[in-house]
Amino acid sequence: MLGDATVWDRVVPGVHDRAAVRVCQIDRDDTVSAMAARVLAAAPPQFALAGHSLGGIVALETYRQAPHRVTRLGLVNSSARGPSPEQLAAWSSWRARVEAGEFEAVAAELASATLPSGRRAELARRNLAMARTVGAEGFLRQLAAQATRPDSWPRLNRIAVPTLVITGELDQTCPAALQAELAAAIPSAEHHTIQGAGHMCPIEAPTVLAGHLRSWLAR
C-alpha cells in the first residue's frame, strides 16, 4: 500500500539472472479480487509470484483464482488474515482525512510509521516519493480493497507450491506473529526473518531479500 514499482529496484538486480521480472501495479482497483485479476491478465501462462505487504495479500488471492498458473509464492511482510477492528478504524480515519485534502500529511506519517525508528531519517523520503506516485485516488482505492480483503487463512493448507515467507524482525505494521502463523499453515512454506528490518524489507534489506528470493527460485 502506497508503494510503486521502485520498491523492488534494489532487489531485482539480485535475481535478474534467474527470472525475467515484471512488477504489477495494484493501485488501480478497489478490491483485492480485481487486483489479482489484473495481475493474472498481465502475467505469462505460468509464473513465480512474490508480493510485499498488500502485494502479498493480492498474491494469495491470485493463487486462489489460478493455482495452476502460479509455480511459486513469495510473501514478504504480509498476512493471511482479514482486517482487524483496529485496522478498519485506522483506514477509515485515513480515508476521511484524504477526502478532506490531507493526503500529503497522511502519506508523510505512513512513510515514517512503516520504518523502524533507526531507519526513518534515511528511508522515509523514499517511501513518501512512492506514495506521491500512487496519489490520493490510488490510495483511496487501496484502502477500499484493504477494508474488504478476504480472509485467506482457511485456504492456506491448500497451497501446494514452494512458498517463501519473509518477516522483518522489527515490523510493527504486520507483526512477526502473523507471518509465523502464515508460514506454519502452508505445507510447503520456508520462513526467514531479516534481522534489523521493519515492514519495508525490499528497501531496508534488498540484498538479503534478494538472496532469499534466489534460493526460493531455485527450489
Side-chain angles (χ1 to χ4, degrees), residues 1-5 7-8 11 15 23-27 29 31-36 38-40 47-65 67 70 72-84 86-88 90-91 110 113-116 127 130 134 142-143 145-159 161-194 197-206 208-210 212-213 215-217:
M1 192 161 64
L2 284 180
D4 66 12
V7 75
W8 296 104
V11 179
V15 298
V23 181
C24 298
Q25 193 171 357
I26 56 168
D27 58 23
D29 301 287
T31 68
V32 169
S33 177
M35 290 173 174
R38 188 178 294 275
V39 170
L40 288 167
F47 56 99
L49 178 60
H52 170 253
S53 191
L54 173 58
I57 293 165
V58 174
L60 286 167
E61 173 63 14
T62 304
Y63 182 84
R64 187 196 70 78
Q65 290 186 19
V70 179
R72 285 172 171 76
L73 198 57
L75 307 170
V76 182
N77 301 104
S78 198
S79 168
R81 295 291 187 179
S84 68
E86 294 78 13
Q87 287 174 318
L88 289 170
W91 297 334
L110 295 180
T114 53
L115 294 164
N127 270 356
M130 292 193 295
V134 173
Q142 289 182 329
L143 287 174
Q146 288 275 44
T148 59
R149 78 190 194 201
D151 184 350
S152 297
W153 177 256
R155 299 187 297 271
L156 293 180
N157 63 357
R158 301 178 200 169
I159 295 174
V161 296
T163 301
L164 174 69
V165 177
I166 295 291
T167 298
E169 176 196 17
L170 306 177
D171 189 347
Q172 296 181 3
T173 302
C174 188
L178 288 177
Q179 293 163 70
E181 69 171 18
L182 179 62
I186 298 173
S188 57
E190 180 179 313
H191 185 198
H192 296 280
T193 296
I194 299 181
H199 187 63
M200 300 300 293
C201 282
I203 68 170
E204 294 179 62
V208 178
L209 176 57
H212 290 308
L213 290 170
S215 297
W216 165 72
L217 288 167

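Just so you know, residue 1 is the first one in the sequence shown, and it goes up from there.
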Identify, with sequence neighbours excluded, every residue that meets side-chain contact (heavy atoms from CB on, under 4.5 Å) alongside [X].
X: Thr167; answer: Ala176, Gln179, His191, Thr193
X: Ala185; answer: Trp153, Leu156
X: Val208; answer: Ile194, Ala205, His212
X: Pro83; answer: Gln87, Leu88, Trp91, Arg149

**Request:** Please lay out, stage by stage, how Trp8 and Val15 fare under the test side-chain contact (heavy atoms from CB on, under 4.5 Å).
**Result:** CA-CA 11 Å; Trp8 296 104; Val15 298; over 6 Å; no
**Item:** salt bridge (charged side-chain N to carboxylate O under 4.0 Å, His left out): pairs with one or both residues in residues 169-178, sequence neighbours excluded
**Value:** none
Looking at side-chain heavy atoms only, is the closest gap between [X] and [Y] below 4.5 Å?
X: Trp216; Y: Ile166; value: no
X: Met130; Y: Met200; value: yes
X: Ser188; Y: Leu73; value: no
X: Cys174; Y: His199; value: yes
X: Val11; Y: Ile203; value: no
X: His192; Y: Leu164; value: yes

Heavy atoms only: give me the nearest [X]-[Y] pair and the separation to one decimal.
X: Val7; Y: Pro202; answer: O-CB, 3.3 Å
X: Ile57; Y: Ser79; answer: CG1-O, 3.5 Å
X: Leu60; Y: Ser152; answer: CB-OG, 4.0 Å

**Request:** Take Val161 and Tyr63, measure what side-chain contact (heavy atoms from CB on, under 4.5 Å) needs, and give me the verdict at the end.
**Result:** CA-CA 10 Å; Val161 296; Tyr63 182 84; 3.9 Å; yes
Residues in side chain to side chain donor-acceptor pair (under 3.5 Å) with [X], at least two apart?
X: Thr114; answer: Asn127
X: Asp29; answer: Arg38
X: Glu61; answer: Arg64, Gln65
X: Arg81; answer: Glu181

**Prompt:** To the nearest 0.5 Å, what is the distance between CG (Leu75) and CG (Leu49)?
**Reply:** 8.5 Å
**Request:** First locate atom CE of Met35, then atom CG of Leu54, and finally report the distance between them rounded to the nearest 0.5 Å.
**Result:** 5.0 Å
**Request:** Determine, stepwise, if the pair Thr163 / Arg72 fulfils side-chain contact (heavy atoms from CB on, under 4.5 Å).
**Result:** CA-CA 6 Å; Thr163 301; Arg72 285 172 171 76; over 6 Å; no
**Request:** Please confirm whether the backbone N or O of Gln142 pairs with a side-chain atom of Gln146, one donor and one acceptor, at under 3.5 Å?
**Result:** no
**Prompt:** Counting distance only, does the side-chain N/O of Ser78 pair as donor-acceptor with the main-chain N or O of Ser53 below 3.5 Å?
**Reply:** yes
**Message:** Evaluate Met1 against Leu143 for side-chain contact (heavy atoms from CB on, under 4.5 Å), listing each step before the verdict.
**Reply:** CA-CA 8 Å; Met1 192 161 64; Leu143 287 174; 4.0 Å; yes
